[in-house]
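Everything below concerns the one structure shown next.
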Amino acid sequence: MMKKQRTFFGIRTILPYLRPFRWELFGIVAASALGSLIDIGVPLFQRYALDRFVTGGDLRAMPAFVALYLGAILAAAGFNYISCLWGMRVEVGIDRDLRNAAFSHLQTLTFSYFNQNSVGYIHSRIMSDTQRIGELLSWTLLNSAWQLCYVVGAVIAMFSIEPRLAVLVTALLPVVALLYAVFQKRLFSLNREIRELNAQITGDFNEGVMGARTVKTLGVEQKLADHFAAGTERMRSRSVSAARYHGLFAITMSFASSLALALVLWQGGVIAKEQIGTFSMFMSYALGLMEPVRWVVDAIGSLITTQINIERLHKLLSTRSDVVDRPEVVERYGDSYDPKRENWEPLHGDLEFRDVSFRYPDGEELVLEHFDLKIAFGTNLAIVGETGAGKSTLANLICRFYEPTSGTLLVDGRDARERSQLWLRSAIACVLQTPHLFSGTIRENLLYGDPDATEEEIREALSLVSALDLVDSLPKGLDTDVGESGDQLSTGEKQLISFARAILKKPRILILDEATASVDTLTEQRIQHAIDEIIRGRTSVVIAHRLSTIRNADLILVVSDGKIIERGRHDELIARRGAYYRLYTRQYEEEATGAALS
């Protein structure tokens with residue numbers, strides 16, 4: 001399949017994105033063809049002028065000739081303008097559609113894809129690759145139409161007037177085809193390496209920017225700079241090799257075309273005395289064909305390079321999510337972009353893990369093994385355990401970010417896979433350890449929870465999490481810009497906004513994944529108050545880092561190696577003096593020691 005895609009430069013992948021622009025593409029070809037036909041006529045004008053006005057000395061038709069010649073030049077300019085205008089429309093339109101398609105597809109992929117691919121790699125697919133494809137489908141097509149029509153028209157004109165010279169002029173065309181066959185494979189390989197190196201460099205750059213605080217605290221600026229420099233040096237080396245090879249290709253082809261021109265001059269001198277107009281025409285065509293030859297060099301390089309971009313974009317668009325709704329489920333409930341909400345049954349909030357085992361797609365060991373658990377609606381469930389015990393895995397499975405390797409997750413007594421992912425997630429709100437806010441204002445971030453929320457509902461949600469005074473103290477209140485990823489706010493402030501956003505969603509199931517692990521003690525107290533308020537009347541799963549925050553949970557699970565080793569309420573587990581007791585007392589001692597030292 002890959003071999004077939006290379007043969008056709010991946011056109012099957014991008015064909016669906018060409019269809020909306022078929023009339024513009026037709027217009028580009030038509031306008032380019034008409035413009036090139038006029039350019040083909042220019043040497044014929046020269047031939048007529050030399051034979052009639054210079055050699056013949058008859059100047060009576062000069063005014064009409066000049067008027068016709070100027071008219072042809074203006075018409076060619078008009079056709080070129082139209083083709084360029086439509087070429088720009090096609091480029092930006094296809095660029096837009098490809099980026100929208102790639103970004104929309106990204107939203108359907110599960111966490112495993114993002115775990116296995118860096119931000120730089122994904123960014124390069126959506127931005128750089130789509131841009132190069134848009135350029136190929138607009139300007140390369142425009143040039144192709146012009147150059148092809150010019151070559152065909154010029155060859156026909158030459159053969160109809162002087163076949164002997166026409167053979168010499170067109171002799172370079174088989175040379176072009178032969179050189180393409182020789183150079184294509186190596187150029188393709190070099191450009192593939194360069195694009196991959198570019199993606200790695202982009203990823204390293206993103207890491208350097210996003211991890212700036214960590215870099216400075218660790219004092220590893222030189223190490224990262226050396227690593228980045230090594231990557232750019234590898235890209236420089238491969239780019240020089242590609243340029244050297246491309247230059248050799250261009251020189252070889254230019255030599256072939258210059259040799260053909262020399263042959264025309266040699267043979268053309270024989271007829272120059274008697275047919276100076278014809279000789280001039282052939283010289284113009286021979287020189288005119290130089291430009292198509294040079295364009296072929298650039299076009300082949302562009303096609304080879306862009307084929308790599310198409311392949312990489314195709315790989316992204318063809319990547320299937322690890323979690324996919326069945327066709328019959330999509331038919332009834334819709335998908336993330338076309339939900340059929342009228343068919344959604346109300347979600348109550350009962351959850352059950354039935355003999356669930358789970359292994360991450362990029363892992364080898366089971367994180368959960370034969371796991372059983374029933375969570376009745378309204379239960380405040382807390383999950384504790386050492387790092388890597390499988391606590392967050394339960395939350396990921398409840399949200400269907402991953403599917404069980406074996407076993408079943410039941411929602412309201414039915415297999416979660418019998419309903420759509422969006423149906424389930426529309427009733428779930430998650431507050432994570434590291435809060436994320438979108439670029440924009442506080443109001444805009446809160447409206448992600450409920451786009452139809454009123455001003456009163458927004459302020460009530462903020463008040464419930466003790467964040468209303470904080471927002472009111474900001475210069476622009478709800479319309480304060482939070483910056484990229486919420487960087488204008490502290491971690492605690494971002495967490496409070498995240499809680500308010502979760503409340504506005506009015507979820508039936510609330511998941512708190514170590515939501516207080518990254519905040520100070522004062523903010524934790526405010527968040528704990530918010531937790532006590534918002535878990536009422538809904539199923540809540542609290543993955544706890546600080547065990548003092550789950551003392552009032554209805555049920556506490558202690559997880560180790562993917563298995564529940566203890567379960568019960570706080571007082572019961574403390575009385576058993578088992579794993580929970582050891583975790584709790586150890587953390588209590590650490591906090592007490594830290595407080596004493598401070």
Side-chain angles (χ1 to χ4, degrees), residues 104-116 317-379 381 383 390-430 432 502 505-513 538-541 543 557 559 562-564:
S104 296
H105 185 69
L106 274 178
Q107 309 313 305
T108 69
L109 300 179
T110 47
F111 291 158
S112 60
Y113 179 83
F114 299 97
N115 291 338
Q116 297 169 20
L317 294 175
S318 61
T319 300
R320 285 179 57 83
S321 173
D322 298 325
V323 181
V324 180
D325 289 332
R326 301 166 181 167
E328 61 271 19
V329 172
V330 176
E331 177 68 24
R332 176 172 176 79
Y333 297 101
D335 56 26
S336 298
Y337 294 105
D338 186 22
K340 299 179 180 179
R341 298 180 185 273
E342 65 276 8
N343 295 333
W344 289 5
E345 298 91 345
L347 193 151
H348 183 60
D350 295 319
L351 300 172
E352 179 181 355
F353 289 86
R354 183 177 295 175
D355 193 30
V356 170
S357 296
F358 177 72
R359 174 190 299 109
Y360 282 101
D362 55 348
E364 297 180 358
E365 298 182 358
L366 289 173
V367 181
L368 295 178
E369 188 172 1
H370 302 295
F371 184 85
D372 291 289
L373 176 66
K374 287 186 177 181
I375 309 172
F377 170 71
T379 299
L381 172 71
I383 305 174
K391 305 187 299 297
S392 296
T393 300
L394 295 176
N396 289 333
L397 291 173
I398 291 173
C399 295
R400 283 195 72 192
F401 295 146
Y402 298 94
E403 298 280 34
T405 303
S406 63
T408 307
L409 170 66
L410 302 176
V411 179
D412 293 346
R414 289 179 57 183
D415 189 335
R417 290 168 290 195
E418 296 179 9
R419 292 167 176 162
S420 69
Q421 299 173 59
L422 188 60
W423 171 84
L424 175 63
R425 292 171 188 164
S426 65
I428 296 178
C430 288
L432 306 177
K505 192 174 182 181
K506 303 179 182 66
R508 300 293 291 174
I509 301 171
L510 177 66
I511 297 176
L512 307 179
D513 192 352
R538 52 178 55 95
T539 303
S540 58
V541 178
I543 299 170
L557 302 180
V559 181
K563 296 180 181 179
I564 300 174

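What's counted below: heavy atoms across the whole structure, side chains too, no hydrogens, waters or symmetry copies. Residue numbers count from 1 along this sequence.
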What residues form a side chain to side chain contact (heavy atoms under 4.5 Å, CB included) with [X], not counting sequence neighbours?
{"X": "F377", "result": "H348, D350, R508, T539"}
{"X": "R320", "result": "V324"}
{"X": "S357", "result": "L366, E369, H370, S406"}
{"X": "R425", "result": "R400, F401, Q421"}

Please answer whether the main-chain N or O of [Y] pairs with a side-chain N or O of [X] as donor and acceptor at a distance below 3.5 Å.
{"X": "R538", "Y": "P507", "value": "yes"}
{"X": "T110", "Y": "V323", "value": "no"}
{"X": "D372", "Y": "D355", "value": "yes"}

(message) Taking ring pair (Phe, Tyr, Trp, His ring centres under 6.0 Å) as the criterion, tell me which of F353, F371, Y402 meets it with F358.
(response)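 Among the candidates, only Y402 passes.
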Working to the nearest 0.5 angstrom, can you tell me the gap between [X] [atom1] and [Y] [atom2]?
{"X": "S321", "Y": "Q107", "atom1": "OG", "atom2": "CD", "answer": "11.5 Å"}
{"X": "K374", "Y": "L381", "atom1": "NZ", "atom2": "CG", "answer": "15.0 Å"}
{"X": "D412", "Y": "E352", "atom1": "CG", "atom2": "CD", "answer": "11.5 Å"}
{"X": "I383", "Y": "L512", "atom1": "CD1", "atom2": "CG", "answer": "11.0 Å"}
{"X": "I398", "Y": "T393", "atom1": "CD1", "atom2": "OG1", "answer": "11.0 Å"}

(message) Using side chain to side chain contact (heavy atoms under 4.5 Å, CB included), reason through F114 and L106 one step at a time and then give a plain yes or no.
(response) CA-CA 9 Å; F114 299 97; L106 274 178; 4.0 Å; yes
(request) Tell me, please, which residues at least two apart from R359 pass salt bridge (Lys or Arg N to Asp or Glu O under 4.0 Å). (result)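 In terms of salt bridge (Lys or Arg N to Asp or Glu O under 4.0 Å), with neighbours along the sequence ignored, R359 is linked to no residue.
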(message) Using the side chain to side chain contact (heavy atoms under 4.5 Å, CB included) definition, which of the options L368, I543, V541, L351 pairs with L394?
(response) L368
(request) Please name the pair of heavy atoms, one in L397 and one in E403, separated by the smallest distance, quoted to 0.1 Å. (result)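 Closest heavy-atom pair between L397 and E403: CD2-C, 3.9 Å.
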Any [X] side-chain heavy atom under 4.5 Å of [Y] side chain:
{"X": "C430", "Y": "C399", "result": "yes"}
{"X": "V356", "Y": "L373", "result": "no"}
{"X": "R419", "Y": "L424", "result": "no"}
{"X": "W423", "Y": "N343", "result": "no"}
{"X": "E328", "Y": "E418", "result": "no"}

(request) Just grab all the side chain to side chain donor-acceptor pair (under 3.5 Å) pairs involving residues 329-340, residues at least two apart or on different chains. (result) Y333-E345
